[in-house]
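Count residues from 1 along the sequence.
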Amino acid sequence: MSPSPRRRGSPPGPRSRLGGARTIPLVTAARGATTYLNGITIFGPGAQIAHHVHNVAEPVMVIQGNAVVDIDGERTALRTFDTTFVPANVAHHFENASEAEDMRIFWTYGSLDATRTIVETGEHGRVDGEGTAELTSNVPRVVREIAVINVKAGHEDAFENAVAEAAPLFQTAGGARTFSLDRSEEHPTRYRLTVAWNSIEGHIVGFRNSPAFTRWRELIGDHIDGTPTVEHTRHVLTAF
């Protein structure tokens with residue numbers, strides 16, 4: 001059984017930004033993104049956007065025209081397909097170097113929780129909160145299941161293999177978005193399983209009452225030591 005397809009469709013029309021630029025969001029949380037956002041910004045002749053910072057890193061490629069990028073006061077001329085990398089919390093902006101033709105950039109943010117803060121005004125908000133109603137209504141704000149699992153000594157490899165085998169059970173479950181396993185450096189028989197869900201109900205009602213959950217416990221049951229501790233968290237801050 002393959003993972004459920006995410007909603008697809010043509011991107012919405014450009015949305016206006018100050019400075020003569022307009023943006024087309026492409027991959028967003030509402031469209032199924034789990035770890036990043038991307039899109040295109042179109043700059044009219046001579047246009048530039050306000051100096052700003054993001055809380056996460058941002059690679060940007062010029063995909064049409066000639067540009068100037070100002071990164072922390074250092075200005076660089078760019079041509080089509082030149083690519084920049086702006087670290088988190090470093091002030092920057094792009095300008096169209098042409099007074100006659102449009103310029104376009106393709107950008108990516110390394111988190112669904114990317115924010116933008118305008119340096120001059122302090123205006124601050126989520127990047128995915130700036131889109132059209134289609135993209136900003138009912139945007140998933142995932143809840144993360146964090147399970148701390150102690151494993152019997154000598155069963156570490158078998159447990160890790162069992163979790164890898166179980167991953168498709170979660171991926172095909174309704175509402176599961178990401179799945180990862182970490183192992184403690186200080187306590188090698190202790191693991192942390194993190195699963196992002198669209199809602200708590202998707203986990204404790206939908207998944208736990210499904211045959212997939214029964215199979216999950218069968219796969220790991222012989223390897224775990226005691227009862228895992230499970231809690232659910234919601235994102236508060238991405239600082240960088």
Could you pull out every donor-acceptor pair under 3.5 Å between side chains of residues 219-227 and any protein atom, sequence neighbours left out?
from   : atom 1 : to     : atom 2 : distance (Å)
His223 : ND1    : His155 : ND1    : 3.1

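- Closest non-hydrogen pair, Ala21 versus Ile49, comes out as CB-CG2, 3.7 Å.
- Annotation: salt bridge (Lys or Arg N to Asp or Glu O under 4.0 Å) contacts involving residues 155-165, sequence neighbours excluded, comprise Glu160-Arg183, Glu165-Arg215.
- Contact annotation: the side chain of Phe94 never approaches that of Thr41 to less than 4.5 Å [non-hydrogen atoms, C-beta and beyond].
- The ring-ring contact (aromatic ring centres under 6.0 Å, His included) test applied to His124 returns no partner, not counting sequence neighbours.
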**Prompt:** Can you list the steps and then say if Tyr191 with Val163 is a side chain to side chain contact (heavy atoms under 4.5 Å, CB included)?
**Reply:** CA-CA 11 Å; Tyr191 291 82; Val163 173; over 6 Å; no
**Request:** Take His52 and His92 through the test ring pair (Phe, Tyr, Trp, His ring centres under 6.0 Å) and record every step on the way to the result.
**Result:** CA-CA 6 Å; His52 60 277; His92 63 284; 4.4 Å; yes
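- Residue Tyr36 places its OH atom among 12 or fewer non-hydrogen atoms of other residues, nucleotides or ligands, all under 6.0 Å distant.
- Proximity of a side-chain donor or acceptor of His54 to a complementary backbone N or O of Ala88 within less than 3.5 Å is not detected.
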In a table with atom names and distances, give each donor-acceptor pair under 3.5 Å that connects a side chain of residues 232-240 to protein atoms at least two apart or in another chain.
from   : atom 1 : to     : atom 2 : distance (Å)
His232 : NE2    : His203 : ND1    : 2.8
Arg234 : NH1    : Arg141 : O      : 2.7
His235 : NE2    : Leu237 : N      : 3.4
His235 : NE2    : Thr238 : N      : 3.2
His235 : NE2    : Thr238 : OG1    : 3.0

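- Between the CZ atom in Arg177 and the CG atom in Leu112 there is a gap of 6.5 Å [rounded to 0.5 Å].
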Side-chain donor-acceptor pairs of residues 72-79 under 3.5 Å, sequence neighbours excluded:
from  : atom 1 : to    : atom 2 : distance (Å)
Arg75 : NH1    : Glu95 : OE2    : 2.8
Arg75 : NH2    : Glu95 : OE1    : 3.0
Arg75 : NH2    : Glu95 : OE2    : 3.4

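- Within the structure, salt bridge (Lys or Arg N to Asp or Glu O under 4.0 Å) pairs that include any residue of residues 186-207 comprise Asp182-Arg192 (at least two apart or interchain).
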